[in-house]
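Here the structure comes first, spelled out in C-alpha cells, and everything after it is commentary.
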2 protein chains.
Amino acid sequence: MDKIKTENTETEILIAAKEIFQQKGMAGARMQEIADKAKINKALLHYYYRSKQLLFEAVFKSAFSLLAPQLNKVLNDDSDLFEKIRKFTENYVSFVIKHPYLPNFVIQELNKNPEFVQKLRSEKNFPSIEKFKLQVSDAINQGIIKPIEAEQLFINIISLNIFPFIGEPLLMALVNMDKESYNKILENRKTEVAEFIINSIKI
Amino acid sequence: MDKIKTENTETEILIAAKEIFQQKGMAGARMQEIADKAKINKALLHYYYRSKQLLFEAVFKSAFSLLAPQLNKVLNDDSDLFEKIRKFTENYVSFVIKHPYLPNFVIQELNKNPEFVQKLRSEKNFPSIEKFKLQVSDAINQGIIKPIEAEQLFINIISLNIFPFIGEPLLMALVNMDKESYNKILENRKTEVAEFIINSIKI
DNA sequence: ATATAGTTTAACTATTTGGTTAACAAAATT
DNA sequence: AATTTTGTTAACCAAATAGTTAAACTATAT
C-alpha cells in the first residue's frame, strides 16, 4: 500500500529527526545521523522535507503543538485556580518524563531564533493568557488570594515547573545529588510546588 | 611591548569567543566568525588556544566563574535568610543585564554535555549548599519558616530568578507583551519574587 | 504483461569548516 | 649588531556536510 508506506517513512523520519534535533539542536544535528536513526538513505530526507531547515521546522512545530496543551492547562482550563495549579504541577512532571528534551528544545531554539515566535503565534491553539487574567482578578476581588499580577503569577508557575528540568545538570551539581536522589526531589515537587505557590498567594 | 601585546590579543580572542559561543553555542559557533570579531587571522586562534574545543572550554570556565559568585550569594552568605533572598533577587536582574546570554549558555552547554559538570565541581569556588541547609533548618527550628527541604527552597529561588530570562522569548509570547512591557515585568520581579518566596515560607 | 507513478538508493558535488604550514614581522636576548 | 624567540598572516588541506542526480526498484492501475 502506497499511502501507508509513505506515511510510515515520513513518520519514521520525523521521529528520528525529533530525537536528534531535540538532543543536539539545529546547529548540532546532522542529516546523516537522522537518516541513520530512521534507517533510510540521506537522500530520502530531502525527498520528503527538502532541506534541513524545513525538516527542523516540522520538528519544531510538532514539538510546540505538544507543549501548548500543557500550558493551556494553566491558562484555559475551567477548573478552580488552586485546583488547576495543583493539576498542572502534577501533570507536568509526567509530561516531561515522556518528552525529556522537549521543553528545553523549544526554549533553546526560540532563544537562538526569537523571530520564530511569530510563526507559532499565528498558529491555532497558541495559548492565550486572557482567561487566566480574569480568573486571577476574580480571585483577588473575592478575597481568595492576595493581589498579584496575573502575568507574574503565571511566570512563577511556569518557572517553578519547567526550570528544574532545564537546569537539571546544574541543579544536580549544586544540591550535590546523584540522578536518583534528584529524581526523588522532582517527584516530590509534583505536590510541593503547588503548595508552595498556593501558600504564597492565598489569604 | 611583547607582554602587553600578547595579553591584548589573547583577551580580545576570549572576549570575541565569549560573544559568539554564548549566542550560538559550541555547535553553532564558527572559528572564522570569532576571528573576524577579534579582528585577527583565524590561525591566531589556534596559536593561542589550539582547538575550538579548548577555546570553548576557556570561555565556559570563565562564564561559570562569573555565575558561581552569584549563586554563592544565596548559598554562602552570612546574612539572614529573608534578607539574602531579597538581596539575591535584586542583584540577579542586574547581573543578567550585564551578561544577558551567560546563564542560558552555561545551562545549555551543560545539558548537551552533562559530563562537563565534573570539570566544574573539582574547581575552587564551586558553590556548596551545606551552609544554606543549616540556615534553613535553623529557621525551621526557630519557628521562623514552615518546614521545607533546603534543596526544594533553593531550587525554587533559582527557578524563579533564572527562568524568566531563559524563557524570555516564550514567556513574552505567552503573556502577549513586547520587549518593553516584559522588561517592566522583570524589573518588578526584583522585589516581587523575594516577597513571593518569603510569603510562602514564613509563619 | 506492461506502463506509470511513487519510493529508495549509490554515487556525486559544492561548500563549509577546523586545523596546518611556511613565510614573514616584531621583539627580546645575546 | 646578530641571533633567537614570539606573534601574525596568507595560502592551503582534509574532513565533514547539506544537498543533487540519475538510475533502480516497487507497487498498483490499465
Side-chain angles (χ1 to χ4, degrees), chain A residues 1-63 105 108-109 112-113 116 119, chain B residues 1-63 105 108-109 112-113 116 119:
Chain A
M1 276 253 213
D2 172 29
K3 204 69 177 288
I4 285 174
K5 212 172 189 181
T6 290
E7 262 180 37
N8 274 349
T9 309
E10 215 174 319
T11 310
E12 288 305 318
I13 290 175
L14 207 63
I15 291 169
K18 258 183 207 177
E19 279 192 52
I20 303 294
F21 275 130
Q22 291 187 15
Q23 284 179 50
K24 312 207 166 175
M26 168 68 174
R30 297 290 159 248
M31 294 297 266
Q32 187 59 62
E33 204 181 353
I34 294 171
D36 291 348
K37 176 147 270 177
K39 285 174 193 146
I40 47 138
N41 187 289
K42 184 165 65 84
L44 257 196
L45 295 181
H46 293 95
Y47 177 75
Y48 282 107
Y49 293 93
R50 285 190 66 90
S51 70
K52 187 184 182 185
Q53 181 65 30
L54 287 175
L55 177 54
F56 172 79
E57 286 179 22
V59 168
F60 187 82
K61 278 179 191 165
S62 152
F105 168 68
Q108 198 46 37
E109 296 300 330
K112 293 212 165 103
N113 226 336
F116 234 80
K119 281 191 187 161
Chain B
M1 276 252 216
D2 171 30
K3 206 63 175 292
I4 285 175
K5 212 173 189 180
T6 290
E7 260 179 40
N8 274 349
T9 309
E10 215 174 319
T11 308
E12 288 304 319
I13 291 175
L14 208 63
I15 291 170
K18 260 184 207 177
E19 278 192 52
I20 303 294
F21 275 128
Q22 292 188 14
Q23 284 180 50
K24 313 208 164 174
M26 167 69 173
R30 298 288 160 248
M31 294 297 267
Q32 187 59 60
E33 204 181 351
I34 294 171
D36 291 348
K37 177 147 269 179
K39 284 173 194 148
I40 47 140
N41 186 290
K42 184 164 66 85
L44 257 197
L45 295 180
H46 293 94
Y47 178 77
Y48 281 106
Y49 291 93
R50 286 192 65 89
S51 69
K52 188 185 182 185
Q53 181 64 30
L54 288 174
L55 177 55
F56 172 79
E57 287 180 23
V59 168
F60 187 81
K61 279 180 191 165
S62 152
F105 168 68
Q108 197 48 36
E109 296 300 329
K112 295 216 162 101
N113 226 336
F116 233 82
K119 280 190 186 160

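- For B:Ile40, taking side-chain heavy atoms from C-beta onward, the closest of the listed nucleotides D:dT9, C:dT20, C:dT9 is D:dT9.
- Among the heavy atoms of the strands lying under 4.0 Å from B:Ala29 are primed sugar atoms or P, OP1, OP2 only; no base atom is included.
- One atom, CE of B:Met31, and another, C1' of D:dC13, lie 16 Å apart when rounded to the nearest Å.
- Neither OP1 nor OP2 of C:dG18 sits under 4.0 Å from any side-chain N or O of B:Ser51.
- Residue contacts shown for A:Leu45 are absent, as no nucleic acid heavy atom lies under 4.0 Å away.
- The two residues B:Met26 and B:Glu109 come nearest to each other via the heavy atoms N-OE2, 3.1 Å.
- The B:Leu44 side chain lies nearest to D:dT9 when the options are C:dT8, D:dG19, D:dT9.
- Following rounding to the nearest Å, A:Arg50 (CZ) and D:dT21 (P) show an atom-to-atom distance of 11 Å.
- A:Gln32 has its CD atom 15 Å from the C1' atom of C:dT13, to the nearest Å.
- Atom pair B:Asp36:CG and D:dA10:C1' shows a separation of 14 Å (rounding to whole Å applied).
- Across A:Lys24 and A:Ala29, no two heavy atoms sit closer than the pair CB-N, 3.9 Å.
- Remark: A:Tyr47 is not in phosphate contact with D:dT21, judged by side-chain N or O atoms under 4.0 Å from OP1 or OP2.
- Residue B:Tyr48 contributes atom OH, which lies 18 Å from atom P of C:dG19 at whole-angstrom precision.
- A pairwise comparison of heavy atoms in A:Ile13 and A:Ala38 identifies CA-CB, 4.1 Å as the closest pair.
- Side-chain atoms of B:Lys42 and base atoms of C:dG19 include a donor and an acceptor less than 3.5 Å apart.
- Atom CG of B:Asn8 and atom C1' of D:dT6 are 15 Å apart (whole Å).
- Between A:Phe105 and A:Phe21, the distance separating the two ring centers is not shorter than 6.0 angstrom.
- B:Thr9 has a side-chain polar atom (N or O) that falls below the 4.0 Å cut-off from OP1 or OP2 of D:dT8.
- Atom OH in B:Tyr49 sits roughly 12 Å away from atom P in D:dT8 (whole-Å rounding).
- Residues B:Glu12 and B:Asn8 bring no donor and acceptor atom of their side chains to less than 3.5 Å of each other.
- Taking atom CG on A:Leu54 and atom P on D:dT20, their separation rounds to 11 Å, with Å as the unit.
- Nearest nucleotide to the side chain of A:Asn41, out of C:dT20, D:dA18, C:dA10: C:dA10.
- In this model, the phosphate group of D:dA16 is not approached by any side-chain N or O of A:Arg30 to a distance below 4.0 Å at OP1 or OP2.
- Residue A:Lys52 places its side chain closer to D:dA18 than to any other of D:dA18, C:dG19, D:dA10.
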